[in-house]
> 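First the structure, then my questions, so here it is.
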Amino acid sequence: MKGASFFEKTNGVSMSEYWKLEEFTNRDEFYVVLNAYFGLVGAINQNPENNEWRLKFDVAFLFQLKSNSQSAKSIELLTDSKCYADSLVICRTLISRLNLLILCSLNPDLFDFWLKDSKNSIFLDGNIRNELKNNNISLPTHLYEFYSEITHGQVQSLAEIGYFEQGLFADVKLAENQVWVTAKFAIATIYFTALCMAIQDCEGKSIPERFKNHQILFEWLEKNYLIHNRIDQIWTFLLEERHVEKVRKNEYIVGRNYDFNAIKEQIAKFHRKGQKKKLSKKYDLKES
């Protein structure tokens, strides 16, 4: 509720605009996740870091707060106006922001390099996704590719989200649902990444009550709202034929999702006491 109040008071979206109890949809679930994210921002601000790497990561996490808040409101306004293509373009931006944040969770020094030289090729989204893949972090890469096609006005992708339905602002429920599912999982993964960093920072020490509460909350969200194969969500994570990936002869990947356990495991390996895992040479940058 604190997160919802924060968003409303900062000219975000009023609580009266969602959580319609007679029909709780992916839109409502998105706002539950978003408000949990805002709540974690408060918890992080109120619990000082134990390690310098968490401080550096928190800078990256908090830097994105304004952009993510604006994206959430933009998605609300555009989707409510049935501008689904534009909503998914914003979802693409949200996914790109998430990919950068996960990369910075593994090496928080990278964010400072990004601030100084964000056009460096190591920060191209495709290169970031490859580095994460090489560290066993599975992401629904097809969504970024699909929404990139929409961004560039490719006819097939526009047709798949109902662009050619009758009327300028046609009501296409399938496209609307895809917007909210995409946005919900992206914000949830941002939230989870920051929570894992906060918990890992407490290694060898007691975990603050606020972080414990968020652990419990995320476990509940994962069991109830973040179910990839739920009937109203599974189609978002299945690949169109052109995005299907061939692994080897007669073996293909036809769906991708967010692997929360992999993110948690890799964060632990990169920040554990003793010998730490490292990114590849071009990403293993440290501030001088």
Side-chain angles (χ1 to χ4, degrees), residues 37 40-41 44 47-68 92-145 148 185-205 207 211 245 247 253 256-288:
Y37 161 73
L40 181 61
V41 170
I44 285 173
N47 289 274
E49 71 286 345
N50 296 308
N51 296 281
E52 187 179 3
W53 53 258
R54 197 201 110 185
L55 176 61
K56 292 177 179 179
F57 172 81
D58 287 352
V59 172
F61 175 65
L62 297 173
F63 180 88
Q64 293 186 350
L65 173 62
K66 186 172 184 177
S67 297
N68 290 338
R92 172 182 179 265
T93 304
L94 197 58
I95 291 169
S96 183
R97 223 176 278 144
L98 162 64
N99 294 341
L100 175 64
L101 188 72
I102 297 176
L103 180 70
C104 290
S105 75
L106 305 182
N107 179 9
D109 282 300
L110 282 171
F111 186 68
D112 189 58
F113 286 95
W114 178 84
L115 287 174
K116 294 173 181 176
D117 186 16
S118 60
K119 293 185 178 181
N120 191 304
S121 63
I122 67 171
F123 297 118
L124 291 175
D125 199 85
N127 291 337
I128 291 176
R129 282 181 279 140
N130 285 336
E131 184 68 15
L132 296 178
K133 181 180 179 181
N134 291 338
N135 284 279
N136 301 316
I137 294 180
S138 173
L139 299 169
T141 52
H142 67 288
L143 293 181
Y144 185 89
E145 294 170 2
S148 292
F185 273 86
I187 290 293
T189 311
I190 291 170
Y191 169 53
F192 181 69
T193 301
L195 178 58
C196 287
M197 289 292 279
I199 298 298
Q200 184 63 34
D201 181 53
C202 299
E203 184 182 10
K205 301 178 183 294
I207 300 174
F211 292 155
E245 301 173 42
V247 180
I253 294 175
R256 283 196 175 277
N257 54 30
Y258 290 105
D259 189 340
F260 297 118
N261 285 331
I263 293 172
K264 180 179 179 180
E265 288 172 4
Q266 292 304 315
I267 285 175
K269 289 179 180 179
F270 276 83
H271 300 293
R272 61 194 171 195
K273 303 293 184 183
Q275 187 174 3
K276 298 175 176 61
K277 187 176 177 181
K278 293 183 179 181
L279 294 172
S280 65
K281 187 175 180 180
K282 67 178 179 179
Y283 287 101
D284 189 30
L285 303 176
K286 299 296 178 184
E287 287 184 290
S288 56

> For I122, is there any backbone N or O sitting under 3.5 Å from a side-chain donor or acceptor partner on N120?
yes
> Compare every heavy atom of L98 with every heavy atom of A186, then report the nearest pair and how far apart it is.
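Minimum heavy-atom separation between A186 and L98: O-CD2, 4.1 Å.
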> Tell me, please, which residues at least two apart from D125 pass side-chain contact (heavy atoms from CB on, under 4.5 Å).
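In terms of side-chain contact (heavy atoms from CB on, under 4.5 Å), with neighbours along the sequence ignored, D125 is linked to S96, N99, R129, Y144.
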> For a quick test of reading the model, state the closest non-hydrogen atom pair linking L285 to F113 and the distance between them.
CB-CE1, 3.6 Å
> Please give me the minimum heavy-atom distance between T193 and I267, naming the atom from each residue.
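Smallest interatomic distance, heavy atoms only, reads O-CD1, 3.9 Å.
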> Does E203 have more than 12 heavy atoms from other residues, nucleotides or ligands lying within 6.0 Å of its CD?
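Yes, because the 6.0 Å sphere around CD of E203 holds more than 12 heavy atoms from other groups.
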> As an exercise, state the distance from CG of L101 to CG of L110, rounded to the nearest 0.5 Å.
11.5 Å
> Less than 4.5 Å apart, any side-chain heavy atom of Q200 and any of F57?
no
> Aromatic rings F260 and F185: how do their planes relate, parallel, tilted or perpendicular, breaks at 30° and 60°?
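Plane angle under 30°, so parallel.
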> Taking all heavy atoms of C202 and all of N50, pick out the closest pair and write down the distance.
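For C202 versus N50, the nearest heavy atoms are CA-ND2, 4.0 Å.
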> To the nearest 0.5 Å, tell me how far M197 CE sits from W53 CH2.
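Reported to 0.5 Å precision, the distance equals 5.0 Å.
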> Does D259 reach the side chain of I137, with side-chain heavy atoms less than 4.5 Å apart?
no
> Suppose we screen for salt bridge (charged side-chain N to carboxylate O under 4.0 Å, His left out). Which residues come up paired with D201, at least two apart in sequence or across chains?
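R54.
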> Would the distance check show the side chain of N136 and the main-chain N or O of A262 forming a donor-acceptor pair, the cut-off being under 3.5 Å?
no
> Work out which heavy atom in L103 is nearest to a heavy atom in Y283; give both atom names and the distance.
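Distance-wise, the nearest heavy atoms are CD2-CE2, 3.8 Å.
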> Do K269 and N135 have side chains that approach each other closer than 4.5 Å (heavy atoms only, starting at C-beta)?
no
> So, taking the atom named CD1 in I128 and the one named SG in C104, what distance separates them when rounded to the nearest 0.5 Å?
7.5 Å
> Within the structure provided, determine whether T189 and I102 are in side-chain contact (heavy-atom separation under 4.5 Å).
yes
> Answer whether the closest heavy-atom distance between the side chains of D112 and V59 falls below 4.5 Å.
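D112 does not reach V59 side chain to side chain.
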> Distance from I263 atom CD1 to L132 atom CG, nearest 0.5 Å?
8.5 Å
> List in chain and number order the residues that pass ring pair (Phe, Tyr, Trp, His ring centres under 6.0 Å) with Y37, two or more places apart in sequence or in another chain; answer none if no residue qualifies.
F61
> Output the distance between atom CD1 (I44) and atom CG (L55), rounded to the nearest 0.5 Å.
11.5 Å
> Mind checking side-chain contact (heavy atoms from CB on, under 4.5 Å) for K278 and listing every partner two or more places apart, or none if nothing turns up?
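Counting only residues at least two positions away or on another chain, K278 forms a side-chain contact (heavy atoms from CB on, under 4.5 Å) with D284.
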> Taking only residues two or more places apart in sequence or in another chain, which ones pass ring pair (Phe, Tyr, Trp, His ring centres under 6.0 Å) with F211?
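Applying ring pair (Phe, Tyr, Trp, His ring centres under 6.0 Å) to F211 gives none.
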> Closest heavy-atom contact between P108 and K56?
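So the two residues come closest at CB-CB, 3.7 Å.
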> Checking E131 side chain against S280 main chain: does a donor-acceptor pair fall under 3.5 Å?
yes
> Kindly compute the distance separating CD1 (I187) from CG (N68), expressed to the nearest 0.5 Å.
4.5 Å
> Only counting residues at least two apart or in another chain, list the ones meeting side-chain contact (heavy atoms from CB on, under 4.5 Å) with K276.
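In terms of side-chain contact (heavy atoms from CB on, under 4.5 Å), with neighbours along the sequence ignored, K276 is linked to no residue.
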